[in-house]
Amino acid sequence: MVATIPADIVQYYGYMLRAAQKLMYLYGFPEIDTNENNQTFDSETLNILILCLGTMYGVQGANTASKSISKSFC
């Protein structure tokens, strides 16, 4: 049972990242862009992803920030 805890945590955050990407598409954010050679996020993409995860967790400041950023994309 103890060995399954890390796998459950990884699965949970994988689901949260997929849900955050869907949330970003709904709000009109551009596609998540990664560098093909290093498979890393740039700082802008990481900051937007953190805001979307904060919105999903119910943080009011992140919710307000994601609304204002999505308005600037339209």
_Could you work out, with side-chain contact (heavy atoms from CB on, under 4.5 Å) as the rule, every residue matching Ala65, not counting sequence neighbours?_
Leu51
*asked:* Do Val10 and Tyr13 sit in one hydrophobic cluster, given that two such residues count as connected whenever their side-chain heavy atoms are within less than 4.5 Å of each other, even indirectly?
replied: no
_Check: Asp8 and Tyr12 side chains under 4.5 Å, non-hydrogen atoms_ = no
*For Gly54 and Ala62, which heavy atoms make the closest approach, and how far apart are they?*
C-CB, 3.7 Å
Residues 18-26 side chain polar contacts: donor-acceptor under 3.5 Å, at least two apart:
{"unit_1": "Gln21", "atom_1": "NE2", "unit_2": "Tyr25", "atom_2": "OH", "d": "3.1"}

